[in-house]
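First up is the structure itself, then whatever we jot down about it.
Chain letters run A, B, ... following the sequence lines, proteins first and then strands; every chain starts at 1.
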Number of protein chains: 2
Amino acid sequence: MKQPIAFARTTFAHREAAEVKDGDLTGSEWRDVKNRLRRAGLRPTIQRVALGCILFGDGDRHVTAEMLYDAATRGKASVSLATVYNTLHQFTEAGLLREVTVDSTRTYFDTNNSVHHHFFIEDQNALLDIPASDVVVDPVPVPPEGYEIVRIEVVARLRRKKL
Amino acid sequence: MKQPIAFARTTFAHREAAEVKDGDLTGSEWRDVKNRLRRAGLRPTIQRVALGCILFGDGDRHVTAEMLYDAATRGKASVSLATVYNTLHQFTEAGLLREVTVDSTRTYFDTNNSVHHHFFIEDQNALLDIPASDVVVDPVPVPPEGYEIVRIEVVARLRRKKL
DNA sequence: TTAGATGCAAATGGTTTGCATGCGT
DNA sequence: ACGCATGCAAACCATTTGCATCTAA
């Protein structure tokens with residue numbers, strides 16, 4: 001049931017078991033992430049900045065804790081799994097990430113926090129962004145009395161087409 | 001983090017910690033469920049029929065394994081938790097149930113297998129049906145080459161409105 | 001200096017599995 | 001009788017937690 005580590009680049013640029021840049025740990029990106037964290041009210045510790053570089057360094061990503069942990073370990077950054085979990089949740093609370101619920105066995109985090117939806121390829125556990133303009137929910141359902149809609153999520157589950 | 005057992009009746013008839021009928025274990029319903037299982041290619045064992053009575057006996061329901069297990073135990077039906085899990089999956093495979101992914105910590109099963117979507121009340125872990133006509137996805141996103149859409153799920157996450 | 005962050009290992013909790021026993025056909 | 005189904009307990013695995021240590025400010 002173990003899936004290959006896959007950092008799916010988004011919006012149709014799908015690739016399995018992709019390599020992940022370690023995030024240019026010495027360059028300007030390190031400084032950028034540091035500032036970004038400070039702006040978000042998070043102390044820019046070594047671990048957070050390292051994870052931030054991986055997450056925000058190269059386009060939109062969909063990661064699980066395990067995937068991020070492996071990517072960090074593969075690079076020079078040594079981070080404990082517990083810290084990866086903490087960091088993912090802190091980033092999410094700070095609005096830097098967004099949680100995506102598509103699989104009841106693990107939690108995905110999306111570095112793209114703009115309005116959009118997802119394809120989920122079930123037999124690969126891979127997520128792809130659907131650009132906001134490609135799917136429209138209209139009408140929007142009316143919530144029951146006393147409740148308001150926080151967010152609407154659309155997930156289109158995919159399977160490989162049969163020949 | 002333990003939530004009260006809640007069998008949410010669907011479509012705005014929301015209630016917390018609702019009671020569950022044991023399903024009229026001696027009446028005609030027992031026979032009906034038995035036939036239904038047979039038609040679905042499942043051996044109508046005592047446990048499967050008992051769980052079927054609970055699930056299909058009184059309108060649409062959204063259940064987790066734990067909820068169904070408690071309901072069965074509360075009634076006269078004694079079923080092991082493992083069997084509940086097995087049964088839920090077998091029913092799902094047979095098309096009698098549908099899995100709903102809204103919460104990464106547990107799996108919900110929906111007795112309504114017609115086309116519709118869901119509200120999810122985050123702080124109560126409660127699911128409500130959205131009638132198919134109340135939410136329309138249009139346009140439907142175009143899947144990447146070689147893939148086809150299995151199903152589109154819309155989840156509107158709710159929070160209690162602030163005064 | 002000190003509040004907050006990290007790492008480790010142990011605990012948690014939903015779900016699955018292995019295997020001996022039971023039941024539907 | 002045969003083979004699938006059940007029950008139990010142990011195994012699993014993603015995630016969380018407790019606590020001692022470390023570090024950014």
Side-chain angles (χ1 to χ4, degrees), chain A residues 1-3 5 30-31 33-52 62-70 72-73 77-94 97 99-109 125, chain B residues 1-6 30-31 33-52 62-70 72-73 76-94 96-97 99-109 125:
Chain A
M1 187 121 302
K2 199 85 172 170
Q3 286 292 125
I5 314 302
W30 186 267
R31 204 163 35 252
V33 170
K34 224 166 155 175
N35 291 329
R36 194 161 175 181
L37 293 184
R38 255 194 273 267
R39 256 179 276 126
L42 294 170
R43 261 208 225 167
T45 64
I46 311 214
Q47 293 83 344
R48 284 181 184 163
V49 179
L51 295 177
H62 303 107
V63 306
T64 62
E66 203 72 36
M67 285 160 64
L68 183 55
Y69 175 72
D70 288 348
T73 304
S78 151
V79 192
S80 79
L81 187 53
T83 297
V84 170
Y85 276 104
N86 288 336
T87 302
L88 284 171
H89 288 135
Q90 291 150 357
F91 282 17
T92 300
E93 241 172 298
L97 292 177
E99 224 177 300
V100 184
T101 307
V102 284
D103 181 333
S104 57
T105 68
R106 63 190 115 257
T107 304
Y108 285 83
F109 295 86
N125 286 330
Chain B
M1 189 112 308
K2 198 85 174 173
Q3 286 293 125
I5 314 302
W30 185 269
R31 202 163 36 253
V33 171
K34 223 166 153 172
N35 290 330
R36 194 161 174 181
L37 293 183
R38 254 195 274 267
R39 256 180 277 126
L42 294 170
R43 287 224 302 231
T45 64
I46 312 217
Q47 293 84 345
R48 297 218 269 229
V49 180
L51 295 176
H62 303 106
V63 306
T64 62
E66 204 71 35
M67 285 159 63
L68 183 55
Y69 176 71
D70 290 347
T73 304
K76 31 223 150 215
S78 151
V79 193
S80 78
L81 187 53
T83 297
V84 170
Y85 277 103
N86 287 335
T87 302
L88 284 171
H89 288 135
Q90 291 150 357
F91 282 16
T92 301
E93 238 172 301
L96 301 174
L97 292 177
E99 224 178 301
V100 184
T101 307
V102 282
D103 180 333
S104 57
T105 68
R106 62 190 115 256
T107 305
Y108 285 83
F109 295 86
N125 286 332

E99(B) atom CD, neighbour heavy-atom count above 12 within 6.0 Å
yes
May I have the distance from Y69(A) (atom OH) to dC13(D) (atom C1'), rounded to whole angstrom?
15 Å
Could you state the CG-P distance from D103(B) to dT15(D), rounded to the nearest angstrom?
12 Å
Within this structure, what is the CD-to-P distance between E99(A) and dT15(D), rounded to whole angstrom?
9 Å
Contact summary for D103(B) and T101(A), nearest pair of heavy atoms
N-CG2, 3.7 Å
Please classify the nucleic acid contact of T105(A) as base, sugar-phosphate, or nothing, using heavy-atom distances under 4.0 Å.
sugar-phosphate
Taking atom C1' of dT15(C) as reference, at what distance in whole Å does atom CZ of F109(B) sit?
10 Å
Between dG4(C) atom C1' and H89(A) atom NE2, what is the distance in whole Å?
19 Å
Let me test you: for the helix from dT1(C)-dA25(D) to dT25(C)-dA1(D), what is the angle between the axes at its two ends (five pairs each), rounded to 10 degrees?
30°
Indicate the atoms forming the closest heavy-atom contact of L68(A) with V84(A), along with that distance.
CD2-CG1, 4.0 Å
Presence of Y85(A) side-chain N/O under 4.0 Å of dT15(D) phosphate oxygens OP1/OP2
yes
To the nearest angstrom, the CZ-C1' distance between R38(B) and dG24(C) comes to 9 Å
dG13(C) P sits how many Å from E66(B) CD, rounded?
11 Å
Atom CG of L37(A) and atom C1' of dA25(D): how far apart are they, to the nearest Å?
15 Å
Protein heavy-atom contacts under 4.0 Å, written 5' to 3' over nucleotides 5-11 of chain D as B (base), S (sugar-phosphate only) or - (none), form the string SSBB---
Please report the closest heavy-atom contact between L37(B) and P44(B), naming both atoms and the distance.
CD1-CA, 4.0 Å
Heavy-atom nearest pair, V79(A) first then Y69(A), reads O-CE1, 3.0 Å
When we call it a touch if two heavy atoms are under 4.0 Å apart, what does T107(B) touch: a base, just sugar-phosphate, or nothing?
sugar-phosphate
Considering all heavy atoms, the nearest H62(B)-M67(B) contact
O-CE, 3.2 Å
